[in-house]
Every structure is written in structure tokens, then in C-alpha cells.
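One structure below.
The chains referred to below are lettered A, B, ... by the order of the sequence lines, with proteins before strands, and numbering in each begins at 1. Computed from a predicted model, the values in this text were never measured in an experiment.
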Number of protein chains: 2
Amino acid sequence: MPTRRRGEELEATILEAAWAEIQEHGYNRLTVEGVAARAQTGKQVLYRRWPNRAQLAVAAIRHTLGPLVTEAPDTGSLREDYLTVLRLMAGRARHYTPELLHGLMPEVWGLAGEISSALPGVIAEILRNAAARGEITHADLPERVAMLPLDLVRYEGMRSVVRWAEITEADAEKVVADILDTVFLPLVMALAGPSSRPE
Amino acid sequence: MPTRRRGEELEATILEAAWAEIQEHGYNRLTVEGVAARAQTGKQVLYRRWPNRAQLAVAAIRHTLGPLVTEAPDTGSLREDYLTVLRLMAGRARHYTPELLHGLMPEVWGLAGEISSALPGVIAEILRNAAARGEITHADLPERVAMLPLDLVRYEGMRSVVRWAEITEADAEKVVADILDTVFLPLVMALAGPSSRPE
DNA sequence: CCCGTAAGAGACGGTGCGTCTCTAATCGGG
DNA sequence: CCCGATTAGAGACGCACCGTCTCTTACGGG
């Protein structure tokens, strides 16, 4: 009577069950028993694949959220290019809810690094394009400056998580624009603007 | 035979015991039973005062780490003033070890806000002093700009915690100087430097 | 067709939270 | 100085859930 699942199929079912449980209850109240029951399997099947509850959750998140950015946008303006990347990050950040993260910050931080490992290259390319266009005089800004908007967006994200606050799309848009217009672009123009003295 | 402690005395003993347990094992492996045993009392005495393990830990941290900055430094230079504040923060950050924080981020974030509630006022005063000295043309920088170094230092702190990395004093000093010299001061000079156009 | 692998189901021990219970020390009021 | 209210000190208890172990049985490769 009962048809047994195996391999890929079974694993996908489990990870989707785990993701559903996280969405419903958050990580803290995710139970291995609950996931097994929802996937209609036994705990041993889970423990055969992942060493503990945390790694199961991480696998479920990875399974649901793929890599972030793969290639650099090229809209013809530094502001728009960077804005595109930040919007992607902010959109993604809305999946990282407090319920998902609490109790799981270190693991998810590592995962986020893996997911967005292409970011530094993308930013470098955006800056090179801007330099080629003449928007800025050179693309080799200090690391800290080039990555500044990314760091600030991540900081805002962590801050909301830790305050148990949800991020609305409108808020995210405002924050992202603010970071670019009142911090990043003025700074970049001061360091490498076409009208500034060449260093 | 046994002499019983009460009130303040008992409470201080418990909080010191809790702090000691946190130092030894970290929050995650802090047990209420352990604290009670170390303080030579019963669990009920703890639960009579704090509703759960997390609040006990928060109380212990608050008991050990007092408020951060109370009044603005005034060294005669914007850079040195701000550097002084950042050094205080970085020094304090070295108490917020990964072991202490894991599993307790939201609670400690709230506590940190309480502990450093004087910061915004201090920063505002530092900027006013710089304006009075003529280092900058005006002190009403955008909120995000004025607080930028604080946010970046906090971000670095959270990042180390989440990566289970300790912060050495030398590293902290380097990061703090980098934030001021490659990000904050260039930006402030661009927005309100004496040689920039008055807006 | 047969055997090794792994699924499905659930029992089990262990840890540690938060509650409850009980005795007796201490404090404050009269 | 005594008496009653309070609460310290000690530990048992129920409960939730992790991670391990055991057992039977379906499946698939050779």
C-alpha cells in the first residue's frame, strides 16, 4: 500500500516541510518531530541527512532562497546600478524575518555570505563601468567605501531583526535611497568626482 | 546555623553568580540550576525575581556593565572627539563576546540601547563644538551622516559576534580609525567643510 | 529473485526549563 | 519580646524536545 519516496524527491519534500514549519512557527519553535510529521516520515530520516536541527533549518533556507545577484546591472548610471543591487538585497532581506532568524543568526550569516558571494565582484564592475563612462575619475575606491552601502543595508536588516520589526517595502526603498543619496554618492564624488582634484 | 541573605545583598550575589556562569559557559549553556547552585540558593528565589532565564541574564549584564558615555569629550578636534567615543564603544564591545550573545541578541540589543541612550546627545554636542570652532560650517548634518561611525562600529561588532570572532584591541583601533579617516571625515568635509560651498 | 540499503514508525534516555511544595529563618509591628 | 507574615533554601515534579537506537518492511540493483 504505502509507496516510499527516496533520494532527491524525499529530500525536497523534507526541506519544503521544514521551510513551511519555519514560516508558521519560526525557527525557535521549529521541532524536528514536527518536520518529520509534516513530511510524513521519521526523525531518523532527517538525522541521517543533517546532524542537527540548526543544519536542517539552514538546508531548508538554502533550498528555498537561491543565490542573490550573479551579474552586474548596467543601467548607464552609477546611482541606478547600485540602487538595483541594494533593492535586490532589500527584497531578499524581507525573507529574513525575525521569526526565521532568532536563534539562528550565526548559521544564517554564513549562509548569506555563501548566497551573495558574487557581490564584491559585481560592485567592482559597477564602479569600473562608472569610471569608463567618466562619472568618476577612477574605480579603485577604498574597500570600505565601495562596500559602504552594502554594509549599511545589512546593518539596517540586522537591526530590524533584532528589534522584531518587519520591513515594509516602502521603508526599504526610503532607506536604500537615503543611503545612496546622503552618504555614498556625496562621499564618492568627494573622493573621485570628475570636478574634484585628481589625487 | 545557616544565616540567610535577603534583599539587595541576595540579589547582588545572584547576579554576580549569573555573570560568572556566563563568563565560564556562555549564555547558551547557562542553566538556572547552575546559577542557583553557585549562589547557594534555590531556583524559586530566582524565578521570584525574573520571569525566565533570558531576563536573568540581561539583569546580570546590566548589573555588571553600567552606562557607557555620559558627557561629550572636548579635545579641541572633531576627529579626536569622535575617536574618543568610538574607542569607548569598541572597548565596551569587547565585553559582548560571541559566547555571551548567542541566543540572546534581541535582549542584549535592547539593553545596549538603554545603556548608551546618551550617545545621540553626545554626538550632537561634539558636532556643535566643531562648528563653534570653525572646523565645519554647520552642525546640522543629516541624522544618518552624524551617526554613521556609530552604526559602522556596531555593524562590525555584530559581524564579529555572528562569526564567532574575538576582537583584538589592535584590530578595533584600526577599524575605528579607518571608519573616521576614509569615510566619515571626507564625507563631513564634503558636506560642511570650511572650503566647500555653503549650501 | 534475492539481498543490501534505507524508509517509516516510534520507544528511550537525557537535559533543563518553569512550577509547585514544604520547612524554617528572618523581619516588622505591637 | 513575641507572633504572624514573608520569603529563603532545598528539591521533587511535569513537560517539551533533542538526538539515539531499534525494528520491520519497501524498494531497486545485480
Side-chain angles (χ1 to χ4, degrees), chain A residues 1-61 63 99-100 102-107, chain B residues 1-61 63 99-100 102-107:
Chain A
M1 172 176 49
T3 174
R4 279 187 187 174
R5 299 150 299 176
R6 305 191 134 229
E8 297 278 308
E9 183 200 353
L10 177 58
E11 194 150 323
T13 307
I14 294 169
L15 291 178
E16 280 149 29
W19 177 255
E21 291 281 311
I22 292 175
Q23 294 300 91
E24 274 181 32
H25 310 298
Y27 171 73
N28 269 332
R29 286 190 291 165
L30 172 82
T31 71
V32 178
E33 261 124 348
V35 174
R38 185 186 277 253
Q40 298 191 95
T41 185
K43 298 203 306 181
Q44 190 56 38
V45 175
L46 310 198
Y47 280 105
R48 204 172 285 133
R49 290 175 166 71
W50 302 281
N52 53 46
R53 191 171 72 102
Q55 287 311 305
L56 167 60
V58 168
I61 297 169
H63 182 255
E99 291 75 25
L100 186 153
H102 277 292
L104 200 63
M105 293 273 273
E107 288 81 3
Chain B
M1 167 178 48
T3 173
R4 280 188 188 174
R5 300 149 301 173
R6 305 192 134 227
E8 296 278 309
E9 183 200 356
L10 177 57
E11 195 152 321
T13 308
I14 294 169
L15 291 177
E16 279 149 28
W19 178 255
E21 290 280 312
I22 292 175
Q23 294 299 92
E24 272 182 34
H25 310 298
Y27 171 72
N28 268 332
R29 285 191 289 165
L30 171 81
T31 70
V32 178
E33 258 123 352
V35 175
R38 186 186 277 253
Q40 298 190 97
T41 183
K43 298 205 303 182
Q44 190 56 39
V45 174
L46 310 198
Y47 280 104
R48 194 136 48 223
R49 290 175 165 71
W50 302 281
N52 52 47
R53 192 171 72 101
Q55 287 310 307
L56 167 61
V58 169
I61 297 169
H63 182 255
E99 291 75 25
L100 185 152
H102 276 293
L104 201 63
M105 293 272 272
E107 289 79 4

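Remark: P of C:dC27 and CG of B:L10 are 13 Å apart, rounded to the nearest angstrom. As rounded to whole Å, 11 Å separates atom C1' of C:dA24 from atom CZ of B:R6. Taking atom CD on B:E8 and atom C1' on D:dA8, their separation rounds to 16 Å, with Å as the unit. Summarising the geometry, the separation between CD on B:E9 and P on D:dA8 is reported as 12 Å, rounded to the nearest angstrom.
With sequence neighbours excluded, the residues forming a side-chain contact (heavy atoms from CB on, under 4.5 Å) with A:E24 are A:R38, listed by chain and number. Applying the salt bridge (Lys or Arg N to Asp or Glu O under 4.0 Å) criterion to B:E11, with sequence neighbours excluded, gives B:R49. Residues forming a salt bridge (Lys or Arg N to Asp or Glu O under 4.0 Å) with B:E33 (at least two apart in sequence, or on another chain): B:K43. Partners of A:R6 by side-chain contact (heavy atoms from CB on, under 4.5 Å), not counting sequence neighbours: none found.
The base of C:dA6 has none of its N or O atoms less than 3.5 Å from a complementary donor or acceptor on the side chain of A:R48.
Side-chain atoms of B:R29 never come within 3.5 Å of backbone atoms of B:E99 as a donor-acceptor pair (strictly under, hydrogens ignored).
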- Item | side chain to side chain contact (heavy atoms under 4.5 Å, CB included) evaluation trace for A:V58 with A:W50 | CA-CA 10 Å; A:V58 168; A:W50 302 281; over 6 Å; no

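Residues from residues 11-21 of chain B that place a heavy atom under 4.0 Å from any atom of DNA chain C: there are none.
Here B:R4 does not reach the OP1 or OP2 of C:dC27: none of its side-chain N or O atoms lies under 4.0 Å away. OP1 or OP2 of D:dA26 has not a single side-chain nitrogen or oxygen of A:T3 nearer than 4.0 Å. Phosphate contact (OP1/OP2 of C:dC27, side-chain N/O of B:R5, threshold under 4.0 Å): absent.
Taking all atoms of both residues into account, the shortest heavy-atom contact from A:V35 to A:I14 is CG1-O, 4.0 Å. Closest of all the heavy-atom pairs between A:N28 and A:G103 is OD1-CA, 4.1 Å.
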Under-3.5 Å N/O pairs linking protein and nucleotides 15-20 of chain C:
{"from": "C:dC17", "atom 1": "OP1", "to": "B:L30", "atom 2": "O", "distance (Å)": "3.3"}
{"from": "C:dC17", "atom 1": "OP1", "to": "B:V32", "atom 2": "N", "distance (Å)": "3.4"}
{"from": "C:dC17", "atom 1": "OP2", "to": "B:V32", "atom 2": "N", "distance (Å)": "3.2"}
{"from": "C:dG18", "atom 1": "OP2", "to": "B:Y47", "atom 2": "OH", "distance (Å)": "2.9"}
{"from": "C:dG18", "atom 1": "OP2", "to": "B:R53", "atom 2": "N", "distance (Å)": "3.1"}
{"from": "C:dG18", "atom 1": "N7", "to": "B:K43", "atom 2": "NZ", "distance (Å)": "2.8"}
{"from": "C:dG18", "atom 1": "O6", "to": "B:K43", "atom 2": "NZ", "distance (Å)": "2.6"}
{"from": "C:dC20", "atom 1": "N4", "to": "B:Q44", "atom 2": "OE1", "distance (Å)": "2.5"}

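The closest side-chain heavy-atom distance from B:T41 to B:L46 is below 4.5 Å.
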